[in-house]
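Structure record follows, encoded as structure tokens.
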Amino acid sequence: MAESRSQPTVAIVGGGLAGLAAACALSDSGFRVTLFERRPFLGGRASSYEHPGTGEVVDNCQHVLFGSCTNLIAFYRTIGILDKIRWFDRMTFVEPGGRQSVLQPTFLPAPLHVTPSFLGFKFLSAWDKIVLGKALAVLMTSSSKDDGRSFQDWLVQYGQTAAAIERFWKPILVSALSEDLDQIAIPYAAQVVRESMKAREARRMGIPSVPLTNLYDAAQEYVTSRGGSVRFRNGVQSVAPSERDISFRVQGSEEEFDYGIAAVPFDSLAKLLPDLPEASDLKRKLAIFKTSPITGVHLWFDRKISALPHAILLDRTIQWMFHKSVLLDRSGSGTAEKGMTSVEPRIDPKTQARATASVGTPSYVELVISSSKCLIDKSRQEIIDLALRELREFFPGARDANLVKATVIKEVNATFSPVPGIDRYRPTNATPWPRLFLAGDWTATGWPATMEGAVRSGYLAAEAVARQAGNPKVFLVPDLHGTGFMRLFG
Ligand SMILES: Cc1cc2nc3c(=O)[nH]c(=O)nc-3n(C[C@H](O)[C@H](O)[C@H](O)COP(=O)(O)OP(=O)(O)OC[C@H]3O[C@@H](n4cnc5c(N)ncnc54)[C@H](O)[C@@H]3O)c2cc1C
């Protein structure tokens, strides 16, 4: 089939970041792309929608990126949306009671550029900082192997204090990897440390200034303006790969393409694969993956509760505060999504009336809890009550503020767990069939479940398709180079 066409055809299943990156790369390289997405919008697990109860456009959860996410940044640049990302050099840690400590870079060479602010952390003792410094030096300068132990075991081996674990390692790693420390393989933790310390720009945090789904309109336009098509509400039911082409069952009919990329989560892939002996090894690997939840609590107040754009919150259930009304430029809209759960809190009508009558700038805040296993069985109202109680401990301004409306979004299967040993089961892009390739944050990218990992997987799959079509291309962009002393370690 491929041989008889002047323009090879490729079907991409899944309009998350992996599928979009592959679609844009291939539509720019002479392929006719058809992207199938079962939802009515793009972005997958990084999307937004109009919440029916609140009437507000909300992200399924706040998504952040870092300067080390070179492929994601390249992708945003390619589709022309990099200017929609706002960058922050400062991170504020807040303790219950409101005391703040700031992490920010200085003129010193990496990795010493953050040392002055690290030494100034009020929430750690001198001894905590000494043991932390030693552990950070080991992680930054030596390569780490997955020896089957968890990062929690490693921290004990390296004499980390309870405060260092609770107030440094947990806030940094549980939010980066969305898992508990005793479920994280050592190399994943080491990678987070190394990637964030290798250069000053590596740990700059990027936050979209528009709802997530608005970012991807540009990707759709990119594909369609190059002759491709994006088909919403087109769930692919099954795939039938052969040596010469590949056929997908969509909306009850078979559609044939020269190449195919399945850019879907691992559990969705398991349902698509044919019932053939060649598929059994891949299916066995897919069955080993486990997921971890992330919960977002969206709160609208009648006034500002803090001047900070975002903050890391210590010692409580809620982990991050994002001041959305400061971060967003308030444009755009989305569509409701079935798999996401949300609920309105009971708000006393008197409170509502007081809120409407009060003077001040209303504000919208999102609180994020990664690896939120302790919230799974809690009711939405319980989660809102807990979040509000804790928020008031951190920000005195929240004590007088009236809650106008609220919602909770639980993503139960947010990300795959980076448990010890999992790398053995993360498949490459290749499948037993020469015309079918895989993408997705869970494939073997060397990165944890992140938008960067997803884009990398999309580019790797697109490279594999181009190679198979006899027209090799390079889409993956290099990692950020180490600067300062980090040049010595790659
Ligand atoms: C709550 C939450 C918070 C997160 N926070 C961050 C963060 O701050 N920073 C970060 O970098 N990462 C974060 N992540 C992780 C990040 O969102 C993911 O790693 C990334 O978006 C995964 O992209 P993907 O394309 O691999 O998969 P997905 O986004 O899951 O995309 C797969 C797509 O395939 C579609 N699909 C599935 N089956 C079919 C089918 N049969 N036919 C057609 N379409 C199908 C789905 O609808 C979906 O659109 C977070 C994830 C969650 C859930």
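Each ligand, and each atom within it, is numbered from 1 in the order the structure gives. In what follows, every heavy atom counts, from backbone to side chain, and hydrogens, waters and symmetry copies are set aside.
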Q) Angle class for the Phe118/Phe121 ring planes (parallel below 30°, perpendicular above 60°, tilted otherwise)? A) perpendicular
Q | Test side chain to side chain donor-acceptor pair (under 3.5 Å) applied to Tyr364 and Glu56, His298, Lys324, the passing residue | A | His298
Q | Which residues share a side-chain contact (heavy atoms from CB on, under 4.5 Å) with Thr450, sequence neighbours left out | A | Trp447, Pro448, Glu452
Q) Which salt bridge (charged side-chain N to carboxylate O under 4.0 Å, His left out) pairs, counting each pair once, include a residue from residues 75-86, with sequence neighbours left out? A) none
Q.
The criterion is side-chain contact (heavy atoms from CB on, under 4.5 Å); which residues satisfy it with Ala25, sequence neighbours excluded?
A. Tyr459, Ala462, Phe475
When you check ligand 1 against the protein, what N or O pairs turn up below 3.5 Å? List the atom names and distances, or just say none.
{"unit_1": "ligand 1", "atom_1": "8 (O)", "unit_2": "Val64", "atom_2": "N", "d": "2.9"}
{"unit_1": "ligand 1", "atom_1": "9 (N)", "unit_2": "Val64", "atom_2": "O", "d": "2.9"}
{"unit_1": "ligand 1", "atom_1": "11 (O)", "unit_2": "Met451", "atom_2": "N", "d": "2.8"}
{"unit_1": "ligand 1", "atom_1": "12 (N)", "unit_2": "Met451", "atom_2": "N", "d": "3.4"}
{"unit_1": "ligand 1", "atom_1": "14 (N)", "unit_2": "His63", "atom_2": "NE2", "d": "3.3"}
{"unit_1": "ligand 1", "atom_1": "17 (O)", "unit_2": "His63", "atom_2": "NE2", "d": "2.7"}
{"unit_1": "ligand 1", "atom_1": "19 (O)", "unit_2": "Asp441", "atom_2": "OD2", "d": "2.7"}
{"unit_1": "ligand 1", "atom_1": "19 (O)", "unit_2": "Thr450", "atom_2": "N", "d": "3.3"}
{"unit_1": "ligand 1", "atom_1": "19 (O)", "unit_2": "Thr450", "atom_2": "O", "d": "3.2"}
{"unit_1": "ligand 1", "atom_1": "25 (O)", "unit_2": "Leu17", "atom_2": "N", "d": "3.1"}
{"unit_1": "ligand 1", "atom_1": "25 (O)", "unit_2": "Ala18", "atom_2": "N", "d": "2.9"}
{"unit_1": "ligand 1", "atom_1": "26 (O)", "unit_2": "Asp441", "atom_2": "N", "d": "2.9"}
{"unit_1": "ligand 1", "atom_1": "27 (O)", "unit_2": "Arg45", "atom_2": "NH2", "d": "3.0"}
{"unit_1": "ligand 1", "atom_1": "29 (O)", "unit_2": "Arg45", "atom_2": "N", "d": "2.7"}
{"unit_1": "ligand 1", "atom_1": "30 (O)", "unit_2": "Arg45", "atom_2": "NE", "d": "2.8"}
{"unit_1": "ligand 1", "atom_1": "30 (O)", "unit_2": "Arg45", "atom_2": "NH2", "d": "3.3"}
{"unit_1": "ligand 1", "atom_1": "41 (N)", "unit_2": "Val236", "atom_2": "O", "d": "2.9"}
{"unit_1": "ligand 1", "atom_1": "42 (N)", "unit_2": "Val236", "atom_2": "N", "d": "2.9"}
{"unit_1": "ligand 1", "atom_1": "44 (N)", "unit_2": "Arg38", "atom_2": "N", "d": "3.3"}
{"unit_1": "ligand 1", "atom_1": "47 (O)", "unit_2": "Glu37", "atom_2": "OE2", "d": "2.6"}
{"unit_1": "ligand 1", "atom_1": "49 (O)", "unit_2": "Glu37", "atom_2": "OE1", "d": "2.6"}
{"unit_1": "ligand 1", "atom_1": "49 (O)", "unit_2": "Glu37", "atom_2": "OE2", "d": "3.3"}

Q | Basic-acidic side-chain contact under 4.0 Å: Asp89, Arg200 | A | yes
